[in-house]
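What follows is a set of notes on a single structure, which appears directly below.
Only a predicted model underlies this, so the values are computations on that prediction, with no experimental measurement involved. Lettering follows sequence order; numbering is per chain, from 1.
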There are 4 protein chains.
Amino acid sequence: MPPDAARRSDRSRRAILVAAMELVEALGYSKLTIEAVAARAGVGKQTIYRWWPSKGPLLFDAFVELGPVGPDVLPSGDLATDLKRELRVAVAELAERRFDQVCRVLVHEARTDLVTLLLMPRRVELEERLLAAQRSGEVRVDVDVSAAAELLLGPVYQRWLLRTAPLTGDFVDAVVDLVLRALRG
Amino acid sequence: MPPDAARRSDRSRRAILVAAMELVEALGYSKLTIEAVAARAGVGKQTIYRWWPSKGPLLFDAFVELGPVGPDVLPSGDLATDLKRELRVAVAELAERRFDQVCRVLVHEARTDLVTLLLMPRRVELEERLLAAQRSGEVRVDVDVSAAAELLLGPVYQRWLLRTAPLTGDFVDAVVDLVLRALRG
Amino acid sequence: MPPDAARRSDRSRRAILVAAMELVEALGYSKLTIEAVAARAGVGKQTIYRWWPSKGPLLFDAFVELGPVGPDVLPSGDLATDLKRELRVAVAELAERRFDQVCRVLVHEARTDLVTLLLMPRRVELEERLLAAQRSGEVRVDVDVSAAAELLLGPVYQRWLLRTAPLTGDFVDAVVDLVLRALRG
Amino acid sequence: MPPDAARRSDRSRRAILVAAMELVEALGYSKLTIEAVAARAGVGKQTIYRWWPSKGPLLFDAFVELGPVGPDVLPSGDLATDLKRELRVAVAELAERRFDQVCRVLVHEARTDLVTLLLMPRRVELEERLLAAQRSGEVRVDVDVSAAAELLLGPVYQRWLLRTAPLTGDFVDAVVDLVLRALRG
DNA sequence: CAATAAGCGAGACGGTACGTCCAGTCTTGGC
DNA sequence: GCCAAGACTGGACGTACCGTCTCGCTTATTG
């Protein structure tokens with residue numbers, strides 16, 4: 001029998017979400033235990049297992065309920081301004097203490113070293129090629145080569161990581177074409 | 001006393017790295033146990049703990065030694081071609097079975113849902129603004145708005161996640177300016 | 001928090017005691033592992049550690065519950081007969097398979113050699129002195145000198161080993177006086 | 001190949017025995033580890049394993065070499081005096097610090113409780129019977145009933161424990177007959 | 001307005017893996 | 001070729017949590 005949501009104790013539900021949030025802040029994702037959440041929330045373990053199958057969904061709900069919410073950005077009329085405001089809101093959310101402390105560790109439990117190890121060689125090659133292009137005049141000299149490399153790799157890596165859409169050759173070509181249009185003299 | 005690296009058994013070291021690689025492929029990061037690695041490598045657990053403090057560094061070494069290595073990209077003379085080839089090598093590495101199966105889970109243990117949850121609102125707002133700009137003629141109509149949104153968010157998210165450099169307002173502005181140059185008619 | 005005895009599973013408790021008893025019979029005290037007891041009892045290790053601090057107390061309880069129980073000896077009226085029956089019950093208990101196999105090793109884990117080493121010199125000296133006394137007529141010739149030596153050393157050694165009471169010079173004197181009364185012609 | 005005793009390092013041998021003795025005094029038998037002996041003796045573990053199969057024999061040798069040695073007892077001419085002196089030497093040896101601290105734990109690793117548990121019922125019954133006999137005049141009133149019970153049980157228990165000789169009914173009878181001779185009025 | 005069924009706190013249970021310790025073997029370099 | 005040193009395989013230790021399973025105890029419909 002599935003549990004009867006009507007009879008659910010809201011007091012317990014909130015205590016659990018708050019406890020989970022606090023503990024994941026303090027300990028990180030991997031050291032967070034259901035047992036500790038139950039103890040801190042003053043709740044039986046079963047009450048957690050009754051409503052959530054595991055840590056992941058529990059924290060998902062905790063973030064939905066207690067996570068950072070950036071303000072809506074009202075259009076100013078100027079495209080550049082709007083996009084900059086939009087991204088700055090995103091940056092602000094990412095930087096919010098509760099988020100930064102918790103979420104990077106949560107999202108990125110394993111050593112960043114590993115990703116660095118995997119990404120850096122590509123990045124270095126890209127930067128070298130862009131510098132050469134700058135010297136030959138194909139790329140404007142006022143472009144920050146490092147940021148440009150990130151402009152190329154960022155979307156690829158993000159799409160791979162988050163599976164927002166399939167990672168195809170066409171996507172790669174589109175990214176390069178767009179970025180190059182920005183970089184050309 | 002620190003262990004004496006000179007006396008280290010290379011046979012055991014390699015067996016451990018291979019076993020770790022195979023098991024993380026088969027089970028994913030979180031279900032990988034040191035005990036299983038030791039058993040499969042035919043090695044005492046202590047021999048693992050003697051040389052690595054935990055799962056993370058062990059897998060790091062396994063990837064360094066056994067991970068994917070993309071080919072060097074030889075310059076063709078054409079910038080767009082070179083950058084596309086470069087990114088395709090990156091994509092190929094990311095797609096390599098050993099890597100894809102293992103590394104996403106490894107890098108991204110926690111539910112992708114969470115990140116999606118955090119990123120999607122920004123993304124939706126960005127796409128709406130870009131569509132509006134397209135209608136008003138500020139952005140060319142042949143631009144894929146979805147890819148363009150990724151071009152904006154990808155670098156920001158990647159820089160936050162990997163801490164490749166500080167995530168400043170200036171960086172955001174530079175990204176927007178560069179991307180807009182590409183998108184404008 | 002101490003465990004809650006009211007909730008204790010009697011099924012598990014008994015299974016553990018039986019398993020402990022069987023294994024100590026088969027393997028002896030030192031080769032008995034908590035892990036093996038848990039496995040044989042079909043019980044988690046924690047369930048043993050929750051209720052017993054270590055092997056010793058666990059086996060103590062196992063013996064209390066499952067150990068040998070000699071019959072009560074009903075008085076026959078004749079003192080010698082009664083004492084002999086009493087001691088024979090003790091001997092029977094000591095000889096019971098479950099007991100003899102297990103308990104000597106359990107009580108006397110260390111090499112008997114050691115005790116022999118320590119006791120034999122005294123014993124030899126005692127026997128020599130008693131033989132001399134027999135030759136000089138101080139001790140009856142029908143006395144088994146070896147048994148007599150044991151009569152002297154047994155109580156001393158037992159009192160030392162079991163700490164049944166302080167091991168004083170007075171005790172020694174009392175023992176010698178009593179035994180001599182028996183040995184004299 | 002058996003080790004070549006001629007080449008044996010006496011310095012190492014003695015250092016090992018001394019270290020073993022010191023450690024068993026400090027820690028007791030069960031907490032004594034070969035590793036600790038080797039470390040304290042400044043000796044490789046292999047040097048211990050080369051010459052002794054295990055803890056037991058090692059400690060046996062340590063006691064042979066470093067254990068207590070009571071003085072020889074010179075006959076005084078009086079039997080009672082001689083036997084008392086003899087037993088007092090035994091008691092002195094048993095009481096020697098090195099011995100008492102170490103050896104009881106060593107000989108009697110397991111909980112004394114257990115033996116008490118097994119022996120006490122017999123002992124109580126014996127004492128009761130002896131008291132009754134005292135009341136009925138079969139046993140002299142100046143006899144310490146507790147010591148008398150020990151006189152009966154001590155030899156039996158010791159013979160069982162040390163297997164100095166088979167534990168037969170005849171032996172029991174002989175003990176009872178001897179002791180009764182001492183106890184009768 | 002009981003009664004009765006659900007959620008609840010608590011916590012014991014069978015398990016899995018942890019990270020440590022030591023046994024006993026093997027290897028290396030020095031004497 | 002013994003020795004000190006110490007890395008090795010193996011296996012038990014005692015602990016921490018997992019997810020499941022009762023226990024009594026609220027608590028809130030529902031017959």
Side-chain angles (χ1 to χ4, degrees), chain A residues 1 3-13 15 31-39 41-51 53-55, chain B residues 1-9 11-13 31-39 41-51 53-55, chain C residues 1-9 11-13 15 31-39 41-51 53-55, chain D residues 1 3-9 11-12 15 31-36 38-39 41-51 53-55:
Chain A
M1 245 162 302
D4 179 349
R7 288 174 182 262
R8 182 168 188 180
S9 153
D10 195 60
R11 157 193 255 284
S12 291
R13 184 178 145 280
K31 290 186 186 166
L32 177 73
T33 66
I34 299 278
E35 220 143 75
V37 173
V43 140
K45 283 200 290 177
Q46 199 58 241
T47 303
I48 299 183
Y49 283 112
R50 194 170 2 248
W51 302 107
S54 62
K55 269 204 287 191
Chain B
M1 247 158 300
D4 180 348
R7 290 175 184 267
R8 183 166 188 182
S9 155
R11 153 193 260 286
S12 291
R13 185 180 144 278
K31 291 187 185 165
L32 177 73
T33 66
I34 299 278
E35 219 143 71
V37 173
V43 141
K45 280 201 289 179
Q46 200 58 51
T47 303
I48 298 182
Y49 283 112
R50 186 157 25 236
W51 303 107
S54 60
K55 271 204 286 192
Chain C
M1 249 158 298
D4 180 348
R7 290 176 184 270
R8 184 167 187 181
S9 154
R11 153 191 260 284
S12 292
R13 186 179 144 280
K31 289 186 186 165
L32 177 73
T33 65
I34 299 278
E35 220 144 72
V37 174
V43 140
K45 280 201 289 177
Q46 200 58 50
T47 301
I48 298 183
Y49 284 112
R50 189 162 15 241
W51 303 107
S54 60
K55 272 202 288 190
Chain D
M1 245 163 306
D4 179 350
R7 289 179 178 257
R8 182 166 189 182
S9 154
R11 156 192 254 285
S12 292
K31 291 186 184 164
L32 177 72
T33 65
I34 298 280
E35 218 143 76
V43 141
K45 282 202 289 177
Q46 200 56 239
T47 304
I48 298 182
Y49 284 112
R50 196 170 1 250
W51 302 107
S54 61
K55 269 206 285 193

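Neither OP1 nor OP2 of dG7(E) sits under 4.0 Å from any side-chain N or O of Ser12(A). Distances shown here put every side-chain N or O of Thr47(A) at or beyond 4.0 Å from the OP1 or OP2 atom of dG7(E).
Taking atom CD1 of residue Ile48(C) and atom P of nucleotide dA12(F), one finds them 13 Å apart after rounding to whole Å. Here the C1' atom of nucleotide dG6(F) and the CH2 atom of Trp51(B) are 10 Å apart, to the nearest Å. As a whole-Å value, the separation of Arg11(C) CZ from dC21(F) P is 15 Å.
By the side chain to side chain contact (heavy atoms under 4.5 Å, CB included) test, Arg11(A) is found to be paired with Ser9(A), residues two or more places apart in sequence or in another chain being considered.
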Could you pull out every donor-acceptor pair under 3.5 Å between side chains of residues 41-49 of chain A and any protein atom, sequence neighbours left out?
| residue | atom | partner | partner atom | Å |
| --- | --- | --- | --- | --- |
| Lys45(A) | NZ | Glu35(A) | OE2 | 2.7 |

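For the atom pair CH2 (Trp51(A)) and CZ (Arg8(A)), the distance works out to 5.5 Å, reported to the nearest 0.5 Å. Atom OG1 in Thr33(C) sits 8.0 Å away from atom NZ in Lys55(C) (nearest 0.5 Å).
For Arg50(D), whose side chain is taken as the heavy atoms from C-beta onward, the closest listed nucleotide among dC8(F), dA7(F), dC3(F) is dC3(F).
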Base, backbone or nothing for each nucleotide of nucleotides 22-31 of chain E, written B, S, -, heavy atoms under 4.0 angstrom, 5' to 3'?
BBBBBBB---
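When each of Ser9(C) and Asp10(A) is assigned the nucleotide of DNA chain E with its nearest heavy atom, Asp10(A) is the one assigned upstream, toward the 5' end.
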